[in-house]
Amino acid sequence: MNDEQQPQFESAKSEVQRKTLDQREQMNELMRLRHSCAHILATAVLRLWPDALLDIGPPTDEGFYYDFELKHRFTPEDFPKIEEEMRKITKENQVFEKSIQTRAEALAYFEGKGQTFKVQRLGDIPEGEAISFFQNGEFVDLCAGPHVMRTGNVKPGGIKLLKVASAYFRGNEKNPQLQRIYGTAFKNKEELDNWLKMQEEARKRDHRKIGTEMGLFAMDPEYVGPGLPLWLPKGTVLVEELERLAKETEFQAGYVRVKTPHLAKEKMYKTSGHLPYYAESMFPPMEMLEEDERQKRDDLMERRADLIQLAEGMGKAISPNPSGYTEEQVRRDIQKLESEITLLGGRYYLKAMNCPHHHRIFAAEPRSYRDLPLRLAEYGTCYRYEQSGELFGVMRVRSMNMNDAHLYCTAEQFADEFRAVNEMYLKYFKIFGLDRYQMRFSTHDPARLGQKFVNEPELWKKTEDMVRQVLIESGINYVEVANEAAFYGPKIDVQVWSAIGREFTIATNQVDFAVPARFGLTYRDRDNTEKTPLCIHRAPLGTHERFIGFLIEHYAGNFPLWLAPEQVRVLTLNDEAPLVEYAKSITAELRSQFVRVEGDWSANPVKAKIADAETSKVHTMLVVGQRDLEAGAVSVRLHGKGNVGAKPRAEVVADLLASIRERRA
RNA sequence: GCCCGCGUAGCUCAGUUGGCAGAGCACGUCCUUGGUAAGGACGAGGUCAUCGGUUCAAACCCGAUCGCGGGCUCCA
C-alpha cells in the first residue's frame, strides 16, 4: 500500500470499526498484562519443575500461553498448584527489568541452562537486531516486551489457567510437539468472571449441541462417514430458506442458474491446475477402466516416466546428444503420451470446487462481448477430503453445498461487478443482523511468482489494484495480507462476528485471471478478436454447512420467523370438537400460504403443551380456547418473549405472512 | 496427519476396590379437559464403540482399530 492511499484506508477502516485511541491503549495494556502473565507462568512452572525446557509465551486475543517441554505431562489437576505459585509471584511484586545482551552472552546463558529451544529462537533474530531480555525475580527470558512494571500489577484474582494442549515447535508439523499451557488474564476478577460467563454462553450456543437438540442435522460416522452431515427435516428447512434467499437475490442481480455433476474426469483438474497440487485434499479418484485398458494406460505411463527421466538427464547434460534426439522432441513425445493417457480417461474425481464445471459451461457455447458479464450461479455440492483433525461439526466438513457463482467479465466490467458482489455481501449482513465484519484482502508475494502464485506479475498488479480501489471506494472495512492469495488470483475472505462476538470466516470472493486461460475460454470482442475473460468466484453465504453452523450460534437456535424450522404451532386448550375444528382451520389457512405450521390439539394440559413448544423453539405459538373461538381471535405467544395477548385471527395471519415475506429480523 | 483426553439407552449423565446394567428427559399406551414453561400411572428402550488380551469373573485393567472432543498443522 502506498502513501497516498494510506489516509483513505485509515478513514474507511475507522468508520466501521469505531475503535478509539483510548480503546487501543487499553488493549495494549491488556496485552502487556497477558504477556507478563506468560512470564509469571513460566516462572511458576520452573519453580515446580526445574528441568522444564522453555520455548515462547506470547499474549493472544483470548489470553496467553507458554510452551514447555518436560517429562511430566501437565493435566488440569496441576493448575491449582501452578496458579497458586503464580499468585505468590504477583505478591512478591518483582520488577520486570529489561536488558540488552550481546548475541554471545545470550547464547552462553541459554546453552549454560541447556535451554535448546531458546538457543534456536535466538538464531531467528536477525543479525544487527538488539537482543533484549526481561527479568523478573529469578526468571530471565529472551523477550522483546513490553511488560507491566511489576508482577504486582497483575491482580491474583484476574488470572486463570484454562487448558493444556500440544503445539508443534515453530508451528511446523515436522518439529517436536511441546506442551502448551493456555491461560487468560484480565485487569481484575470482575472482568475475568464476565469473560468466563461469555465462554459459558458460547458453550451453550455450540452449533453441535443445538443442532442435535433441535434435530437440525445428524452425523453418522459409522455408515455415512466422518464429516458428511445428514440434514434432518428441520435443518433442511434452513438449507432451503437460505437457498431461496440466494436464488432471489442473485436473480435480481442478473445471475443465471446452472446445474453440474458432482464429478469430473481427471483432465478437468489437470487443466484447472488443482492436480497434483491439491490432490491430497480431494477424495481419491474412481478408477473406471477395464483390465486391458488399465494395462495400456500403465504402459503409457511407464513410457512417459522414462521419457521424463531422459529429458531431465538431457537438460543437465553439457554436450549434445549423439543420437540426435533433441530435448524438444522428447518433450513433444511426453505431451503426446500425456494426451493419449488423458484420452483413455478412466479416472473420475469428486469435485472439490465448482469453478471448472462452470468454466466448461462457459466453453459450451460461443461467447461474444455482448454476453458479458455472464454470471453463472449454482448451489453445488463439493467434496474435500479434509484431514480428520480438521473436521468440526458442520463448520468444517467433507461434503459441502457452496453458494457458488462465477462471474465472467471484461477488464472494463470488472470493477462494477466486483463492487456489486460486495454490495450483495452487505445486503446479506443486514438481513442477518451482522454489524461487525471485516474483509481480508489476500494478495500475492512477488518473490513466489511461478511457485505458489501463477507467474503473471502484471495481471497480479492490475487485479490487486482494481480490488483495492473498489474496497476503498466502497468504504469497506478491510485489512490487506500479503502472500495468502489463491494461486490464480487475489482473494477476499469475509470475517464476521456472531452475536456473542466469536469470529468466523464465512465467505470468499476471489479473482481468477489464470484458470479461464488454461481452459482456453474466450469471447469475441467488439474488434472481432478473441479475448480471455476475467473471472470472479464468489460465495457470499459460503457453504450451507458453515453458514448454518454460524447462524445457530448467532441466533442461539432462536431463528427469526422466516428461517425458523417450525414457524407456528397452534395449541388448543382442550380436545373438544368445535375448538379442534377452529384450530384446524387456522393451521389449514396458514399451510395454504406455505407457513410451516403444526397443531397440538391433544388433551394434555396447556402448560405442558406450551413448555413443549418453547423447548422446541417454535417461533410463534397461537393458543386458542373457547374465548378465542367465540371472538374469532387467537392468543399470540412468542418464543422466549411470552404471551403478547389476543388479536383478531385475520390480523395475526397477515402479520405472520408479512414478517416472513420481508424476512424480518 | 500429529499430541493429549474421551466413547454406557435417541439426549444429558450415574455406575464404589473387577462381582446381577441405572436415573432424568424424550418415546409408547392409558388416565387427566385445562388460559400461557412441564398432571399422573404403566411400558418399551443396551452386543457398555469395535476387535483381541489378562482374570474364576471385565462397562471397569492392558493392547489395537474406529469415532468424537481440545489443540497444532491445514483450509484452492
Side-chain angles (χ1 to χ4, degrees), chain A residues 65 67 73-76 162-182 206 208-209 212-215 218-222 225-227 269 272-275 277-282 351-356 382 384-393 395-398 400 402 442 452-453 484-489 491 493 505 508 510 512 514-515 537 542-543 546 571-576 579 601-616 621-628 635-646:
Chain A
Y65 65 82
D67 286 346
R73 288 260 154 224
F74 290 124
T75 68
L162 299 171
K163 57 196 165 195
V164 48
S166 76
Y168 296 104
F169 176 58
R170 284 181 172 144
N172 185 328
E173 61 183 318
K174 302 218 164 52
N175 285 339
Q177 289 196 314
L178 308 172
Q179 298 188 67
R180 175 172 296 179
I181 296 182
Y182 281 95
D206 190 309
R208 292 163 299 188
K209 186 171 139 70
T212 308
E213 282 166 3
M214 291 184 71
M219 290 292 182
D220 186 353
E222 193 182 349
Y269 303 106
S272 71
H274 288 105
L275 282 176
Y277 302 108
Y278 299 106
E280 230 170 72
S281 324
M282 294 176 75
K351 65 176 171 188
M353 65 293 294
N354 297 303
C355 354
C382 298
R384 299 183 186 181
Y385 197 79
E386 306 284 6
Q387 290 185 52
S388 60
E390 291 164 350
L391 300 175
F392 175 60
M395 300 292 283
R396 191 79 184 270
V397 289
R398 286 178 174 162
M400 64 211 86
M402 298 191 78
S442 302
K452 193 176 170 186
F453 306 111
E484 287 194 10
F487 76 89
Y488 46 65
K491 71 170 182 177
D493 289 317
T505 299
T508 179
Q510 304 171 0
D512 184 344
V515 183
H537 304 235
T543 65
R546 184 172 291 187
L571 314 173
T572 56
L573 234 62
N574 57 50
D575 66 348
E576 280 158 21
L579 197 54
W601 27 80
S602 65
N604 290 331
V606 74
K607 277 182 187 252
K609 295 200 213 180
I610 286 170
D612 185 58
E614 287 283 355
T615 42
S616 313
M621 288 148 272
L622 302 180
V623 181
V624 293
Q626 194 59 29
R627 258 178 4 223
D628 304 290
S635 298
V636 180
R637 181 188 167 97
L638 297 176
H639 170 57
K641 297 197 180 92
N643 188 5
V644 294

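Computed from a prediction, not measured in an experiment: that's the story for all the values here. Residue numbers start from 1 in every chain, and the chains themselves are labelled A, B, ... in the order their sequence lines are given, proteins ahead of strands. Side-chain atoms are counted along with the backbone in the values below, which use heavy atoms only and exclude waters and symmetry mates.
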What interatomic distance, in whole Å, is found between P of B:A44 and the corresponding atom of B:G1? 43 Å
Take atom C1' in B:A76 and the same atom in B:C62, then report the distance between them in whole Å. 45 Å
Between A:R637 and A:N643, which heavy-atom pair has the shortest distance, and what is it? CG-N, 3.9 Å
Base, sugar-phosphate, or nothing: which does A:S272 touch, judged by heavy atoms less than 4.0 Å apart? nothing
Rounded to whole angstroms, how far apart are CZ on A:R396 and P on B:C75? 8 Å
Rounded to whole Å, please give me the gap between CE in A:M395 and C1' in B:C74. 16 Å
Any chance the side chains of A:S635 and A:D628 put a donor and an acceptor closer than 3.5 Å? yes
Heavy-atom side-chain proximity of A:H639 to A:E614 below 4.5 angstrom: yes
Run the numbers on A:M353 and A:R384 for side chain to side chain contact (heavy atoms under 4.5 Å, CB included), then give the verdict. CA-CA 9 Å; A:M353 65 293 294; A:R384 299 183 186 181; 4.2 Å; yes
Rounded to whole angstrom, note down the C1' distance from B:G53 over to B:G67. 22 Å
Remember a base hit wins even if backbone is also touched, and classify A:E213 as base, sugar-phosphate or nothing at under 4.0 Å, heavy atoms. nothing
Atom-pair distance (CD on A:E386; P on B:U73), nearest Å: 16 Å
If pairing requires Watson-Crick or G-U wobble contacts with both distances under 3.5 Å, which nucleotide is the partner of B:G22? B:C13
Please give the distance between the P atoms of B:A41 and B:A49 as a whole number of Å. 32 Å
Would you kindly give the CE-to-C1' distance between A:M621 and B:G35, to the nearest whole Å? 14 Å
Look at the side chain of A:K609 and the backbone N and O of A:S602, then say whether any donor-acceptor pair between them is shorter than 3.5 Å. yes
Return the nucleotide paired to B:G34: Watson-Crick means purine N1 to pyrimidine N3 with N6-O4 or O6-N4, wobble means G-U with N1-O2 and O6-N3, both under 3.5 Å. none
Taking B:A57 as the reference, what is the distance to B:G19 when you measure between their P atoms (whole Å, please)? 14 Å
A:P221 side chain: which of B:A76, B:G67, B:G35 is closest? B:G67
Pairwise C1' distance, B:A58 and B:U47 [rounded to whole Å]: 14 Å
Using the closest heavy atom to pick a nucleotide of RNA chain B for each, name whichever of A:R170 or A:Y488 lands nearer the 5' end. A:R170
Once you apply the 3.5 Å cut-off to both distances, tell me the Watson-Crick or G-U wobble partner of B:C42, or none. B:G28
Could you tell me whether the phosphate oxygens of B:C11, OP1 or OP2, come under 4.0 Å of any side-chain nitrogen or oxygen in A:T212? no
Measure from OH on A:Y385 to P on B:A76 and round the result to the nearest Å. 19 Å
What is the base-pairing partner of B:U54, counting Watson-Crick and G-U wobble geometry with both distances under 3.5 Å? none
Result for side-chain contact (heavy atoms from CB on, under 4.5 Å) between A:T572 and one of A:N604, A:V623, A:V624, A:L622 points to A:V624
Side chain of A:A352 only, please: which of B:G35, B:A76, B:G1 is the nearest? B:A76
Report which part of the nucleic acid A:S281 touches: base, sugar-phosphate, or nothing (heavy-atom distance under 4.0 Å, all strands). base
Opposite nucleotide pairing with B:A59, Watson-Crick or G-U, both atom distances under 3.5 Å: none
A:L391 side chain near A:R398 side chain, heavy-atom distance below 4.5 Å: yes
Give me the distance, rounded to whole Å, that separates B:C60 from B:U54 when you measure between the C1' atoms they each carry. 13 Å
Anything under 30° is parallel, anything over 60° is perpendicular, the rest tilted; go ahead and classify A:F487 against A:H274. perpendicular
Do A:E386 and A:P226 touch side chain to side chain, with heavy atoms closer than 4.5 Å? no
Closest nucleotide of RNA chain B for A:R398 versus for A:H274: which of these residues is on the 5' side? A:R398
If every non-hydrogen atom of A:S272 is compared with every non-hydrogen atom of A:P356, which pair is closest and at what distance? CB-CG, 4.1 Å
Can you tell me which nucleotide in B:C75, B:U36, B:U33 comes closest to the side chain of A:N574? B:U33
Examine distances only and state if a side-chain atom of A:R546 and a backbone atom of A:V397 form a donor-acceptor pair shorter than 3.5 Å. no
Measure all distances between protein nitrogen or oxygen atoms and nitrogen or oxygen atoms of nucleotides 69-72 of chain B, and list the pairs falling under 3.5 Å.
residue: B:G69; atom: OP1; partner: A:R208; partner atom: NH1; Å: 3.4
residue: B:G69; atom: O3'; partner: A:R208; partner atom: NH1; Å: 3.3
residue: B:G70; atom: OP1; partner: A:R208; partner atom: NH1; Å: 3.4
residue: B:G70; atom: OP1; partner: A:R208; partner atom: NH2; Å: 3.0
residue: B:G71; atom: OP1; partner: A:K163; partner atom: NZ; Å: 3.0
residue: B:G71; atom: O3'; partner: A:Y182; partner atom: OH; Å: 3.2
residue: B:G71; atom: O2'; partner: A:S166; partner atom: O; Å: 3.2
residue: B:G71; atom: N2; partner: A:S166; partner atom: OG; Å: 3.1
residue: B:C72; atom: OP1; partner: A:Y182; partner atom: OH; Å: 3.4
residue: B:C72; atom: O4'; partner: A:S166; partner atom: O; Å: 3.3
residue: B:C72; atom: O2'; partner: A:Y168; partner atom: N; Å: 3.1

Looking across every strand, which nucleic acid part, if any, lies under 4.0 Å from A:K609 by heavy atom: base, sugar-phosphate, or nothing? nothing
Span that lies between the P atom of B:U8 and that of B:C61, in whole angstrom: 15 Å
If I take atom CE in residue A:M214 and atom C1' in nucleotide B:G10, what distance separates them, rounded to the nearest angstrom? 17 Å
Heteroatom pairs (N/O) under 3.5 angstrom, protein to nucleotides 37-42 of chain B:
residue: B:A37; atom: N7; partner: A:R637; partner atom: NH2; Å: 3.1
residue: B:A37; atom: N6; partner: A:E614; partner atom: OE1; Å: 2.9

In this structure, how many angstroms lie between the P atom of B:G35 and the CG atom of A:N643, rounded? 13 Å
Mind calculating the distance between CG (A:D67) and C1' (B:U73) to the nearest angstrom? 14 Å
Flag if over 12 foreign heavy atoms under 6.0 Å of OH, A:Y385: no
Considering Watson-Crick and G-U wobble pairs with both distances under 3.5 Å, what does B:C68 pair with? B:G5
